[in-house]
Asks: 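Okay, handing you the structure first.
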Amino acid sequence: MPIMNHVIMPDSSLDFLNPKQREAVDYFGGPLLILAGAGTGKTKVLTTRIAHIIQTQRALPHEILAVTFTNKAANEMRERILPFVSGTNAMWMGTFHSIGLRILRRHCEAVGLRSNFTVLDADDQLRLVKQIIKASGLDEKRHPPKVALNSINLLKDRAISPLTTDLRSYRDPKTNRFISAWIVDTYIAYQQRLQILNGVDFGDLLLHCITLFQQCGDILERYNQQFKFILIDEYQDTNVAQYLWLRLMSQGGAQVCCVGDDDQSIYGWRGAEVDNILRFEQDFQGAKVVRLEQNYRSTSHILGAASGLISHNKGRLGKELWTEVDGGEKVDIRCVYDSEEEAITTVGALERLYKSGYPLNETAILVRASHQTREFEERLIVCGLPYRVIGGMRFYERQEIRDALAYLRLVNQVNDSLAFERIINTPRRGIGESSLNIMHNVARSQGVSLFDAANQLIETDELRTQARTVLRGFLEDVRRWQRKAQELPPAELAQVVLDESGYTAFWKNETTPDAPARLENLKELVVALEEFSTLEGFLEHVSLVMEVTQKDLGPQITIMTLHSAKGLEFGTVFLPGWEEGMFPNQRALEESGTDGLEEERRLAYVGITRAKEKAVITYATMRRMYNQIQHNLPSRFLSELPESHVIWHNRLQRHQPFQTMRRSGNSYKEKPNQSSQAFGDFDFNQEMSGMRHTGMKLVYHKKFGMGKVVRLEGDKADVHFEEFGLKKVLNSFLTEV
DNA sequence: ATCCTCGCTTGTAGT
DNA sequence: AAGCGAGGAT
């Protein structure tokens, strides 16, 4: 028996828990669902429970599997447990993706992958889908790669793969529609290409695991025996594939403990199924549910406002958050003229806070859409206040970083054809599309990688002389770098590769204004590499952890999207852009109707509950969108906030009903009767999304609204838009979804 | 092969 | 407004 001294946490730490929290930490009678509302000490309960498992349940760290939603959350959890538990490293802690990858690395052959398979990111995925669509002779306009990729990803979220499901007879459970044939074909071709490339995408990390478990009972049994305790955080954000994965993982009798808050489910668009948490008691026999409802974060006004808002949602498990902290300030709702005034007043308020000594790292501006950040940034620069933007373009998503990584991937694994393709002509070497096509043909016909194909082609005269010479030199370079990789540490190797390949020089010669910044980023990449002892380890790291730890630059205002704010808290929170169309977001309503609206409302709930002391909401009467002026109504969420917890400033007197806001409110849903009359049996809820034809008669155009197709000829259509009395010829706008 | 310009489209969230 | 692809010019 191993020595049971992993926990040095004093028993008395349980004293800091309230009875409910204690129950959530202590219960080991079977499956457990902890319904933890916002700010109820969820993280504390989770970490204490893990320590408690080791201490009282005599479990070893490696018998615990803890799955979090983000890598950040996993790291935070590890850090919190570290002081109390030794052997934390043996614990299986991470995201579904990172744990799936860890398992796949061990058993890749069993699911037809060779060792050293690469993990594709969103960018790689899209390029692959583009290639496939091009190769099958489809018009990219009518068959947008993005649409296909989105469908593929959503199918994977539901664990639907062409291997196990007949996609042609599969109906989308939400819309009850078949998947378009071209998407099915693309999906099938995409999986084949992945197989050839020896790559997996994010969805595959789980899907392959599921296949593995289903096909190799002995492997599954090993994991079933290993894991005695399974904890899943943010359970409301799990998708079907993750649910199936959990079922398999826990079927050996592991203690399952899921933690989540149905009111904070905001990732439906990415395949998350709130149903998973709503169904927990049925899915896991004899499950116990513990509700954490005492909020320690916010004042009663903030909590009251948030609770009032979320109570408008149906289909909740129902929680009643309460706090002992009474009073505080009411939520401000401020009307501004336009986005400029919004930025000025918000930053003005921040400036006053700053001057009064309020810590800036306790302030945040939480926006609905990332493009809203720009105006605030500009204003903050003018006022000289320090800020940081979280999200947006991440470090490892930048072009120069992805190029550099492609070089490193190629050196690490010459058969990484995606990497090869990315950098073979970056910087320009005179190996363009035609040469690449020849290589592709050879690679495809012989079933080899681009590198091997290139290797053959330099011996023949199929390529032009110049291309052949250059290619020969390049292949030799790669081999040389590979040899150097044996002796040099990764950081030095990267420097050598970037310099010798001419990539550094390429950016030095570039005269565009952002070139210096890109060179800086490359330097940072090399610095980031210094922490790793092997190139492989680093590449593994970046394939999943797409973030780089930021330097601490002192107190800063945080600007981020509402989505990325989940799980965080700030003293004062600014919530701009609460207008119909913006928030709730127009597309969310169009694409998902009532469900979409409820998800938006949960997002609003998340936003308000981030605030500890103060929340300030603004809405603009006018906004420049899509290069035209729009007059928006205040968000319906504002009127759903209980009057007793809010103060309105400059409240609009002229409160127009939705019906009159045909264009600006864009709330077509509000007038179904009228529309049905005007357009016969047209079903708005089903047909709102994008532009598409319905029986060649009617289309919905994002910009122009409803229109009648008066003539249809090939890709062109004459559409008459009633509302504007304008006749417009649209080309290839009939997007099939 | 590469550069450059024009015109068209798109514009929620992000492991 | 900005990014992308197509197509023409070099």
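So that the names make sense, note that chain A is the first sequence line, chain B the second, and so on, each numbered from 1.
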Asks: Just to verify, what does A:Tyr387 make a ring-ring contact (aromatic ring centres under 6.0 Å, His included) with, not counting sequence neighbours?
Replies: none
Asks: What contact category does A:Asn425 fall into here, base, sugar-phosphate, or nothing, at under 4.0 angstrom with non-hydrogen atoms?
Replies: sugar-phosphate
Asks: A:Asn313: which residues meet the side-chain hydrogen bond (donor to acceptor under 3.5 Å, both in side chains) condition with it, sequence neighbours left out?
Replies: A:Arg601
Asks: In chain order, what residues pass the salt bridge (Lys or Arg N to Asp or Glu O under 4.0 Å) check against A:Glu599, with sequence neighbours excluded?
Replies: A:Arg602
Asks: Output the rounded distance in Å from CD1 (A:Ile438) to C1' (B:dA1).
Replies: 13 Å
Asks: What's the CZ-C1' distance between A:Phe69 and B:dA13, to the nearest Å?
Replies: 10 Å
Asks: What is the distance, to the nearest angstrom, from the CG atom on A:Asn71 to the P atom on B:dG14?
Replies: 15 Å
Asks: To the nearest Å, give me how far apart CD (A:Gln399) and C1' (C:dG3) are.
Replies: 12 Å
Asks: For DNA chain B, which residues of residues 369-379 of chain A approach it to below 4.0 angstrom with any heavy atom?
Replies: A:Ala369, A:Ser370
Asks: Would you kindly give the CD-to-P distance between A:Glu234 and B:dG14, to the nearest whole Å?
Replies: 15 Å
Asks: Quick one: which residue pairs count as a salt bridge (charged side-chain N to carboxylate O under 4.0 Å, His left out) with a foot in residues 559-570 of chain A, not counting sequence neighbours?
Replies: A:Glu234-A:Lys566, A:Asp237-A:Lys566, A:Arg297-A:Glu569, A:Glu569-A:Lys612
Asks: Can you label the angle between the A:Trp245 ring and the A:Phe96 ring as parallel, tilted or perpendicular, going by 30° and 60°?
Replies: perpendicular
Asks: Go nucleotide by nucleotide along DNA chain B from the 5' end; which of A:Gln242 and A:Ser435 gets its closest nucleotide reached first?
Replies: A:Ser435
Asks: Just the table, please: protein N/O against nucleotides 3-6 of chain B N/O, every pair under 3.5 Å.
Replies:
from: B:dC3; atom 1: OP2; to: A:Arg428; atom 2: NH1; distance (Å): 2.5

Asks: Would you say B:dA1 has OP1 or OP2 under 4.0 Å from some side-chain N or O of A:Ser434?
Replies: yes
Asks: Could you go through nucleotides 4-10 of chain C and list every protein N or O atom that sits under 3.5 Å from one of its N or O atoms, giving the distance for each pair?
Replies:
from: C:dG5; atom 1: OP1; to: A:Lys130; atom 2: NZ; distance (Å): 3.4

Asks: Just jot down the side chain to side chain contact (heavy atoms under 4.5 Å, CB included) partners of A:Arg374, sequence neighbours excluded, or say none.
Replies: A:Glu378
Asks: Not counting sequence neighbours, which residues clear ring-ring contact (aromatic ring centres under 6.0 Å, His included) with A:Phe506? List them please.
Replies: A:Tyr503
Asks: For A:Phe583, what residues pass the ring-ring contact (aromatic ring centres under 6.0 Å, His included) criterion, not counting sequence neighbours?
Replies: A:Trp578, A:Phe637
Asks: Please name all residues satisfying ring-ring contact (aromatic ring centres under 6.0 Å, His included) with A:Trp92, sequence neighbours left out, ordered by chain then number.
Replies: A:Phe227
Asks: Any salt bridge between A:Glu540 and A:Arg105, counting N to O under 4.0 Å?
Replies: yes
Asks: Quick one: A:Arg429 CZ to B:dA1 P, roughly how many Å, whole number?
Replies: 15 Å
Asks: Which residues pass the salt bridge (Lys or Arg N to Asp or Glu O under 4.0 Å) test with A:Lys130, sequence neighbours left out?
Replies: none
Asks: Using atom CG of A:Leu154 as one end and atom C1' of B:dT15 as the other, report the distance to the nearest whole Å.
Replies: 14 Å
Asks: Provide, to the nearest angstrom, the distance between the CG atom belonging to A:Asn509 and the P atom belonging to B:dT2.
Replies: 15 Å
